[in-house]
Amino acid sequence: MDYNFKEIEKRWQNYWREHKTYSAKDLTDQPKYYGLSMFPYPSGAGLHVGHPLGYIASDIYARYKKLKGFNVLHPMGYDSFGLPAEQYAIQTGQHPAVTTEQNLARYREQLDKIGFSFDWDREVRTSDPNYYKWTQWIFKQLYNAWYDKTTNKAETIDKLVAIFENEGNGEINAATDQTERFTASDWKGFSEKEQQAILMNYRLTYLADSWVNWCPALGTVLANDEIKDGVSERGGHPVEQKLMRQWSMRITAYAERLINDLADVDWTDSIKDQQKNWIGKSVGASVIFKTETGEDIEVFTTRPDTIFGVSFMVLAPEHELVKKLTTADRQEAIETYQKQTSLKTERDRQADVKTISGAFTGAYALHPFTGEKIEIWIADYVLAGYGTGAVMAVPCGDQRDYDFANHFGIEIKNIFKDVDISESAYTEKDATITDSDFLTDLPAKKAIKLAIYEIEKRGFGKGQTNYRLRDAVFSRQRYWGEPFPVYYKDEIPYLVEDDKLPVTLPDVDKYLPTEDGEPPLARAKSEDWNVFEGDRMEYNTMPGWAGSSWYFLRYMDPHNEQVFVSKEKADYWNQVDLYIGGSEHATGHLLYARFWTKFLFDMGFISFNEPFKKMINQGMILGRSSFVYRDKDSGKFVSFGKRKEYATSRLHADIHLVDNDELNIDGFKNWLPEYKDASFILEDNGTYICGHEVEKMSKSKYNVQTPDELVEKFGADTLRCYEMFLGPLEQAKPWDTKGINGVHNFLRKLWRLFHDADNNFEVSEGEPDKKSLKTLHKAIKKIQEDLDRYSFNTAVSNFMIATNELTEQQCNNKNILGELLILLSPYAPHIAEELWAKLGNKESITKAKFPTFNPDFLVEAEFEYPVSFNGKMRFKLPLPTNMSKEDIEAAVLTNDQSAKYLDGKTPKKVIVVPGRIVNIVI
RNA sequence: GCUCGAGUGGUGGAAUUGGUAGACACGCAAGACUUAAAAUCUUGUGUCCAUUAGGACGUGCGGGUUCAAGUCCCGCCUCGAGUACCA
């Protein structure tokens with residue numbers, strides 16, 4: 001065999017490991033580059049070809065930056081806490097740490113085979129106590145902090161206590177759930193328990209009774225981003241609302257900064273939009289409507305300009321005032337309606353948006369400006385959890401209010417000048433307001449400002465900004481996660497001292513909840529804990545996103561036992577320059593990591609407030625399934641071309657039995673017992689052709705391709721190049737091994753540039769040919785440009801073009817080939833190292849310098865001008881590149897071929913773009 | 001519904017600032033080598049008309065701007081992703 005990739009790849013992988021080729025040096029004078037891939041959860045299924053896609057791109061870029069003289073940090077680790085290992089533990093009784101360890105070993109083996117330039121000495125695992133010690137420590141910092149909305153940053157809780165002692169909470173502008181005011185002397189009079197309860201309302205992580213998404217099948221609560229279409233993202237189980245005492249993270253304090261700072265990061269608009277929508281900022285006003293009975297109803301509106309169009313009010317059925325407001329005669333109807341809505345699950349409520357329902361309370365509010373009586377209704381289209389759980393209904397300006405008013409025959413006032421609202425509400429903010437007292441004749445946008453001004457002046461409300469974002473529930477009732485550094489005395493939570501961290505996971509007899517419904521950790525006896533204080537330890541564990549919210553910092557200083565990352569190293573490595581991973585983390589990991597980064601920045605631990613400067617989201621690789629067609633009558637398998645002649649049903653065939661859509665018939669018979677005696681109706685040429693379709697890769701579709709089998713067959717270099725060659729990184733694309741031969745052939749062709757017909761290494765010294773220099777420098781230019789715009793697929797094409805050209809030129813010049821190898825080494829590092837060594841280099845090619853592009857080699861004496869007539873290219877004419885516009889025009893017009901197209905006419909206009917094109921308008 | 005992205009040969013895709021549409025690769029076809037196959041090499045390959053020369057059409061659809069449009073503008077269609085009573 002000429003190009004023996006197996007031997008070559010093994011040799012260089014060993015070399016790299018022994019020489020620690022990819023170890024990053026801290027704090028050098030070189031410019032730094034931090035390239036990161038989202039670390040994987042090590043599942044039992046191992047990697048399929050979709051997983052390494054982003055890693056390969058990330059690896060190529062890291063290697064490229066190294067050749068460009070950067071000090072490169074390119075680490076890898078594992079998000080190794082998670083549900084699947086625990087579910088498996090419940091079924092088998094095996095400790096999740098054991099399964100996780102096995103899966104990890106398998107991942108590592110697969111990753112190693114692909115030849116990544118990871119600095120494995122910096123590996124982190126979120127389930128490692130040495131790592132989660134610091135996750136617990138950061139939790140403690142959050143607990144001991146509050147958010148000052150005036151300075152717009154987090155501050156220590158000590159500062160807050162000092163303020164309480166001096167002046168109470170009257171003047172403080174904090175992110176808090178605390179509504180009651182107290183003075184300094186009140187504070188001093190409170191008991192320890194009372195003081196702690198108040199502080200809880202300010203802490204950035206806090207314990208509170210909150211409505212949570214409870215998933216009975218998984219036995220745990222879930223965050224909003226862990227729910228898709230009303231069911232759990234993992235497993236697809238139903239979710240219900242439940243009031244539980246839970247740890248939460250006050251991420252809402254950062255809502256504004258999380259939106260604003262998106263301007264500073266280079267991410268796709270799609271991800272930025274998703275985050276913006278998730279945070280859901282709306283600017284408006286909160287307005288208080290008095291009721292006849294004297295209760296205040298506070299509403300939130302983004303359209304205070306339409307306040308004179310209010311014709312009724314709607315409260316959420318769960319609203320606390322409903323009971324007080326409802327008149328005796330309406331009691332029954334209201335209770336029936338409340339019951340009706342409470343029986344509906346979240347999913348039903350979402351699914352049934354069309355049906356309009358509601359009930360009148362019998363009570364009336366008074367319009368704050370006109371004093372007019374306004375009916376108060378309840379309806380499930382108003383959500384208890386958003387805003388104040390109450391709206392002022394303006395049917396002319398809101399479609400839901402409009403539909404509701406129509407359904408129940410409530411008056412619709414039109415306060416928009418010259419706008420027809422007979423068919424639907426007018427929701428644009430560009431109308432002129434009319435019939436609205438002091439707002440009349442103002443354009444909506446001005447009216448909004450004036451309305452807020454008047455509302456504030458008259459004291460029945462204020463301008464306000466609301467966010468859809470909720471505080472993030474941080475407790476999980478599961479075993480396989482970080483324990484909290486928390487113990488309880490008299491059910492008051494206290495933090496474990498720093499020098500006792502980490503609180504490690506205790507062993508338990510079963511990974512299931514206790515009979516009283518407590519989380520699995522409640523099974524541990526006091527002696528099972530490495531730290532046990534107070535009456536009991538916290539039974540909950542942290543969610544999956546705890547460890548992943550700061551892991552990129554730990555890679556900078558993975559073995560530090562004093563701090564989670566030293567300030568010095570964090571300053572040096574700074575932000576992640578390029579982050580590559582899936583876009584499915586848009587509202588989870590990527591939001592939480594930004595939140596924690598901002599917090600750590602506020603507290604002065606790090607000097608940057610956004611974690612990931614640039615991000616690329618790789619597209620999903622889809623599988624290409626193969627199908628066989630079974631005749632329903634005879635049970636015979638009909639080939640693709642003849643399937644229409646029979647009534648067939650379509651069945652998946654394992655893609656490993658199919659080559660270029662042709663089925664390996666014997667293999668198929670041996671595949672599953674039921675196909676042992678299968679008989680076939682073949683194409684006329686005697687083959688069985690399969691059908692195909694692009695689907696998600698999954699075991700049940702028999703279309704999973706692992707990287708291992710391809711590395712085995714073609715080598716890691718081929719796999720790396722092929723994954724890049726498939727198409728743009730960001731795009732979803734079908735996986736099809738058809739093309740892999742082409743890429744493999746390219747590497748073999750490259751190999752042959754360095755060898756004679758008998759595979760003897762043979763290169764020539766001396767001055768390279770001009771043509772070859774041109775080929776090389778064209779390639780340098782192209783590949784540099786491709787990398788700079790992250791166009792990995794076109795770079796592979798350009799390598800092929802260069803190799804094809806050099807083959808044609810029969811070029812085996814040492815200088816040319818050496819430079820080409822450096823260019824190629826980020827993509828195909830093994831073959832590049834091998835040939836580089838054969839050229840006589842003593843050091844690894846990773847230590848080389850990226851070639852410098854010299855435009856002189858591309859200068860040509862002649863350019864072949866495409867000559868167009870009326871925009872249609874007719875013929876080509878080679879002309880000197882230094883020829884003037886006038887001379888080019890003359891040369892083209894006097895050319896014999898032009899006469900035919902001119903047909904005796906005089907051209908109206910001639911456009912000459914030197915070095916590009918000539919266009920003649922007739 | 002809203003937001004974002006994408007529609008180019010038989011297939012994956014290329015065309016970076018408006019300037020030769022289909023680079024590169026797969027597949028397919030023909031040929032060379034071979035007893036044969038595989039591998040390799042050569043040639044061809046957008047569609048239609050034409051023996052050739054050549055011509056017409058062609059980047060989801062319909063308009064527009066321009067000497068020139070896959071690329072810019074307006075209006076639609078289809079597919080994918082996200083989100084959904086958010087006041």
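Lettering follows sequence order; numbering is per chain, from 1.
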Original post:
When the C1' atoms of B:rG58 and B:rA32 are considered, how many whole Å apart are they?
Top reply: 36 Å
**OP:** Could you check how far CH2 of A:Trp278 sits from P of B:rA84, rounded to whole Å?
**Re:** 6 Å
Original post:
Does a nitrogen or oxygen in the side chain of A:Ser282 sit under 4.0 Å from OP1 or OP2 of B:rA87?
Top reply: yes
Original post:
For B:rG62, which nucleotide in any strand shown is its Watson-Crick or wobble partner with both distances under 3.5 Å?
Top reply: B:rC74
Subject >> P gap between B:rG70 and B:rG64, integer Å >> reply: 15 Å
Subject >> Complement of B:rG31, any strand, by Watson-Crick or G-U distances under 3.5 angstrom >> reply: B:rC41
Original post:
Base, sugar-phosphate alone, or nothing: which one does A:Arg470 contact when heavy atoms must sit under 4.0 Å apart?
Top reply: nothing
Subject >> Length of the line joining A:Phe312:CZ and B:rA87:C1', which is rounded to integer Å >> reply: 11 Å
Original post:
Any side-chain heavy atom of A:Val867 sitting closer than 4.5 Å to one from A:Met873?
Top reply: no
**OP:** Give me the ring orientation class for A:Phe875 and A:Tyr901: parallel if the planes are under 30° apart, tilted from 30 to 60°, perpendicular past 60°.
**Re:** parallel
Original post:
Looking at B:rG13, B:rA87, B:rC26, which one has an atom nearest to any side-chain atom of A:Thr301?
Top reply: B:rA87
Original post:
Is the distance from OP1 or OP2 of B:rU16 to the nearest side-chain N or O of A:Tyr790 less than 4.0 Å?
Top reply: no
**OP:** Indicate the ring-plane relationship of A:Phe404 and A:Phe312, choosing parallel, tilted or perpendicular according to the 30° and 60° boundaries.
**Re:** parallel
**OP:** Quick one: label A:Phe725 by what it contacts on the DNA or RNA (base, sugar-phosphate, nothing), any heavy atom closer than 4.0 Å.
**Re:** base
**OP:** Would you mind telling me which of B:rC86, B:rA14, B:rC67 lies closest to the side-chain atoms of A:Pro728?
**Re:** B:rA14
Original post:
With sugar-phosphate meaning primed atoms plus P, OP1 and OP2, does A:Ser270 contact a base, only sugar-phosphate, or nothing at under 4.0 Å between heavy atoms?
Top reply: sugar-phosphate
Subject >> Inter-nucleotide C1' distance (B:rG80, B:rG60), Å rounded >> reply: 15 Å
**OP:** Please report the shortest heavy-atom distance between A:Trp377 and A:Gly358, naming the atom on each side.
**Re:** CE3-C, 4.2 Å
**OP:** With the side chain of A:Gln274 defined as its heavy atoms from C-beta on, choose the nearest nucleotide among B:rU20, B:rG13, B:rG82.
**Re:** B:rG82
**OP:** Using the C1' atoms only, state how far B:rU35 lies from B:rU47, rounded to an integer number of Å.
**Re:** 42 Å
Original post:
Would B:rG9 be called syn or anti, given that syn covers angles within 90° of 0?
Top reply: syn
**OP:** Output the single nucleotide from B:rA14, B:rC24, B:rA68 whose closest atom is nearest the side chain of A:Thr794.
**Re:** B:rA14
Original post:
Which part of the nucleic acid does A:Asn870 contact within heavy-atom distance under 4.0 Å: base, sugar-phosphate only, or nothing?
Top reply: nothing
Original post:
Reckon A:Lys908 touches a base, only the sugar-phosphate, or nothing at all at heavy-atom distances under 4.0 Å?
Top reply: nothing
**OP:** Could you please name the option among B:rC86, B:rC85, B:rA23 that lies closest to any side-chain atom of A:Tyr381?
**Re:** B:rC85
Subject >> A:Thr302 side-chain proximity, nearest of B:rA87, B:rU83, B:rG82 >> reply: B:rA87
Subject >> Value in whole Å for how far the P atom of B:rU20 lies from CZ of A:Phe869 >> reply: 17 Å
Original post:
So what's B:rA69 paired with, Watson-Crick or G-U wobble, going by both distances under 3.5 Å?
Top reply: none
Subject >> A:His755 ring center within less than 6.0 Å of A:Tyr3 ring center >> reply: no
**OP:** Provide the Watson-Crick or G-U wobble partner of B:rC26, both distances under 3.5 Å; none if there is no partner.
**Re:** B:rG10
Subject >> Base-pairing mate for B:rA81 - Watson-Crick or G-U, with both contacts under 3.5 Å >> reply: B:rU3
Original post:
In whole Å, what separates the P atom of B:rG46 from that of B:rG63?
Top reply: 28 Å
Subject >> Euclidean distance, atom NE2 of residue A:His407 to atom C1' of B:rC85 [Å, nearest integer] >> reply: 15 Å
Original post:
Are there more than 12 heavy atoms of other residues, nucleotides or ligands under 6.0 Å from atom NZ of A:Lys733?
Top reply: yes
Original post:
OP1, OP2 of B:rA23 versus side-chain N and O of A:Lys782: anything below 4.0 Å?
Top reply: no
**OP:** May I ask you to say what A:Tyr901 touches in the nucleic acid, namely base, sugar-phosphate or nothing, with a heavy-atom cut-off under 4.0 Å?
**Re:** sugar-phosphate
Subject >> Separation of the C1' atoms in B:rG75 and B:rU65, to the nearest angstrom >> reply: 15 Å
**OP:** Could you check which of B:rA87, B:rG19, B:rU20 has an atom nearest any side-chain atom of A:Ile911?
**Re:** B:rG19
**OP:** Under 4.0 Å between any heavy atoms, over every strand shown, what does A:Val913 touch: base, sugar-phosphate, or nothing? Just pick one.
**Re:** base
Original post:
Can you check whether A:Lys909 has a side-chain N or O nearer than 4.0 Å to OP1 or OP2 of B:rC67?
Top reply: yes
**OP:** Give A:Asp401 one of three labels, base, sugar-phosphate or nothing, depending on what nucleic acid heavy atoms sit under 4.0 Å from its own.
**Re:** nothing
Original post:
How close or far is atom P of B:rA39 from atom CG of A:Asp2, stated in whole angstroms?
Top reply: 14 Å
Original post:
Rounding to a whole Å, what distance do you find between A:Lys738:NZ and B:rG13:C1'?
Top reply: 13 Å
Original post:
Taking OP1 and OP2 of B:rG18, is either one under 4.0 Å from a side-chain nitrogen or oxygen of A:Arg916?
Top reply: no
Original post:
Between A:Ile801 and A:Arg400, who's closer to the 5' end of RNA chain B by nearest nucleotide?
Top reply: A:Ile801
Subject >> For the student: nearest non-hydrogen atoms of A:Val912 and A:Lys885, plus distance >> reply: O-CE, 3.1 Å
Original post:
How would you label the contact of A:Gln731 with the nucleic acid (heavy atoms, under 4.0 Å): base, sugar-phosphate, or nothing?
Top reply: sugar-phosphate
Subject >> Heavy-atom donor-acceptor pair, A:Trp751 side chain to A:Asp2 backbone, under 3.5 Å >> reply: yes
Original post:
Which one, B:rG19, B:rA21, B:rG82, comes nearest to the side chain of A:Ile917?
Top reply: B:rG19
Subject >> Nucleotide B:rC26, atom P - distance to CZ of A:Phe714 in whole Å >> reply: 12 Å
Original post:
What does B:rA56 pair with, Watson-Crick or G-U, if both distances are under 3.5 Å?
Top reply: B:rU47
Original post:
Using a cut-off of 4.0 Å on non-hydrogen atoms, how would the nucleic acid contact of A:Asp273 be classed: base, sugar-phosphate, or nothing?
Top reply: sugar-phosphate
Original post:
A:Arg752 side chain N/O closer than 4.0 Å to the phosphate oxygens (OP1, OP2) of B:rA39?
Top reply: no
**OP:** Using Watson-Crick or G-U wobble geometry with both distances below 3.5 Å, tell me the partner of B:rA87, or none.
**Re:** none
**OP:** Tell me what A:Asn793 touches on the nucleic acid: a base, only sugar-phosphate, or nothing, going by heavy atoms under 4.0 Å.
**Re:** sugar-phosphate
Subject >> Nearest-nucleotide pick for A:Leu383, side chain only, options being B:rU16, B:rG19, B:rA87 >> reply: B:rA87
**OP:** Could you tell me whether A:Glu785 contacts a base, only the sugar-phosphate backbone, or nothing, with contacts defined as non-hydrogen atoms closer than 4.0 Å?
**Re:** base
Original post:
Can a side chain N or O of A:Asn617 be found less than 4.0 Å away from OP1 or OP2 on B:rG5?
Top reply: no
Original post:
Which part of the nucleic acid does A:Arg624 contact within heavy-atom distance under 4.0 Å: base, sugar-phosphate only, or nothing?
Top reply: nothing
**OP:** Could you tell me the separation between the CG atom of A:Asn804 and the P atom of B:rU42, rounded to a whole number of Å?
**Re:** 9 Å
Subject >> Check: A:Tyr722/A:Asp717 side-chain N/O donor and acceptor closer than 3.5 Å >> reply: no
Original post:
How far apart are the closest heavy atoms of A:Leu262 and A:Lys272, and which atoms are they?
Top reply: O-NZ, 2.8 Å
**OP:** State the pairing partner of B:rG18; accept Watson-Crick or G-U wobble contacts with both distances under 3.5 Å, and report none otherwise.
**Re:** none
